[in-house]
Number of protein chains: 2
Amino acid sequence: MREAHPMTPAGRRIVAAAEELFYNRGITAVGVDLIAERSGVTKRTLYNQFGSKDHLVAACLAERDRRWRSLVRAAVDACGSPVEAVTAPFDALRTWSGTNTRGCAFINALAELPDPSHPAYRIAANQKLWLRNLFEELATAAGCSGPATLATQLLVLHEGALATQPFPGDTLSGSTDLARSLVRASAPPRR
Amino acid sequence: MREAHPMTPAGRRIVAAAEELFYNRGITAVGVDLIAERSGVTKRTLYNQFGSKDHLVAACLAERDRRWRSLVRAAVDACGSPVEAVTAPFDALRTWSGTNTRGCAFINALAELPDPSHPAYRIAANQKLWLRNLFEELATAAGCSGPATLATQLLVLHEGALATQPFPGDTLSGSTDLARSLVRASAPPRR
DNA sequence: TCATAGGTATACTGGTCTGTGAACTTTCGC
DNA sequence: GCGAAAGTTCACAGACCAGTATACCTATGA
């Protein structure tokens, strides 16, 4: 289920170029010719590596997911207490938003890929499930009451901050504050 | 700034068909030939009415926005008290979600239309601004403390519920509950 | 030494895309 | 009855699309 990344140098360049183009211009709007040109590679190489555009899309989202998860894990590890750790994904989101200002790539991808049998569909859907479960695990570890309900609320706040990111106004700060006060309210009293 | 809707019968059929197709399959993925066929109209008529696909996209989003706003206004008017009215958009969202299960059409559209000069861009961006301002107006009318901060938090909850809608699990109930308790906490004590 | 894997170069297929041109028909209010 | 607006028919332009075919080059390592 967890495959390694035996990707050739050309393969990595293709994914990097495609990721940027898909995120900033949309998946359907970007052609494989442009991706090949941007990554300094022939279209033949692209097809030898990924087989089809659909599978390249999946590879891009998988790579993005991998990067996002490791950022969140680092933010969780950097926290001093289990209670702080519950809202660590909001800290990760602040970092992430510095270089990703066009909303959530997974939501955006699903907007263009309505077919559940598309190889990228499952990756995008799992991404949200993973975060929700992480919130629940962290809430449980911090001793919060009602971790399931809390996790859903935190996910909504997180996705809301991400979805409103392209619009003017700082929504991330407000939702982070709200998330923290929710966690504090459901956490056991200190010592 | 506010033009009427002197749309011909064919024009209305085109918008209706295009709206459904754009929302369910993505804007770039849907061709004008298909839209013309679905609405029982010639491609020539489509271009006579809207000039370009881009302007048709804008007309579809404008129509959707109009429908959404009137639903929200009706929900606000149906409320018994100013405090209840603040969270009325969440009631409207519950109704709306019955027939719209692919997330927010405006967020989805912006994912495919990165160019701010696209005729549809401003419509999509204004939609969120309108809702945020409505929240603030309603919060002020209800005598809530810190209406600006509250409005931003309510917007985030609303957009979060909308964004997570395509995924399994009922996120709308949890965010509606949270929204109501936020409003109650900042509202003045009864009588 | 030589097979293999990764990659280049280039031309091509068959299809779809948005958008236009030009001439014809239908409907309806004045 | 007539003129204008709305709509039809259909061919067509020119660009772009995903994906393939063929032939060649160049490392590396057994």
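The chains referred to below are lettered A, B, ... by the order of the sequence lines, with proteins before strands, and numbering in each begins at 1.
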Bend across the helix from C:dT1-D:dA30 to C:dC30-D:dG1, to 10°, with axes taken over 5 pairs at each end?
10°
Are the ring centres of A:H158 and A:W68 closer than 6.0 Å?
yes
Sub-4.0 Å heavy-atom contacts from residues 16-41 of chain A onto DNA chain D, ordered by number:
A:V30, A:G31, A:V32
Decide whether A:T8 and A:Q49 meet the rule of one side-chain donor and one side-chain acceptor closer than 3.5 Å.
yes
What do the steps show when you test B:D91 against B:R180 for salt bridge (Lys or Arg N to Asp or Glu O under 4.0 Å), and what is the final call?
CA-CA 11 Å; B:D91 302 329; B:R180 280 204 234 278; 3.6 Å; yes
Classify the side-chain pair B:E20/B:N24 by whether it contains a donor and acceptor separated by less than 3.5 Å.
yes
Student check: side-chain heavy atoms of B:V57 and B:F22 closer than 4.5 Å
yes
From B:T176, B:L155, B:L131, residue fulfilling side-chain contact (heavy atoms from CB on, under 4.5 Å) relative to B:P89:
B:L131
Mark up nucleotides 24-30 of chain C, 5' to 3', with B wherever a protein heavy atom is under 4.0 angstrom from a base atom, S wherever such an atom reaches only the sugar-phosphate, and - elsewhere.
-------
Mind running side-chain hydrogen bond (donor to acceptor under 3.5 Å, both in side chains) on A:S173 and A:R94 for me, showing each step along the way?
CA-CA 9 Å; A:S173 298; A:R94 166 135 282 149; 3.2 Å; yes
Taking any heavy-atom pair under 4.0 Å as a contact, classify A:T42: base, sugar-phosphate, or nothing.
base
Under a 4.0 Å N-O cut-off, is there an ion pair linking A:E84 with A:R184?
no
Does the side chain of A:V183 come within less than 4.5 Å of A:L154's, by heavy atoms?
yes
Below 3.5 Å, can you tabulate the donor-acceptor pairs from side chains in residues 38-47 of chain B to any protein atom, sequence neighbours excluded?
from  : atom 1 : to    : atom 2 : distance (Å)
B:S39 : OG     : B:I35 : O      : 2.6
B:S39 : OG     : B:A36 : O      : 3.4
B:K43 : NZ     : B:D33 : OD2    : 3.4

Under the side chain to side chain donor-acceptor pair (under 3.5 Å) rule, collect the residues that match up with B:D54, sequence neighbours excluded.
B:H118
For side-chain hydrogen bond (donor to acceptor under 3.5 Å, both in side chains), just list the numbers for A:T164 and A:T171, CA-CA rounded to whole Å, side-chain angles, deciding distance to a tenth of an Å, and then say yes or no.
CA-CA 7 Å; A:T164 55; A:T171 56; 2.8 Å; yes
Of residues 43-59 of chain A, the positions that come close to DNA chain C - non-hydrogen atoms, cut-off under 4.0 Å:
A:R44, A:T45, A:Q49
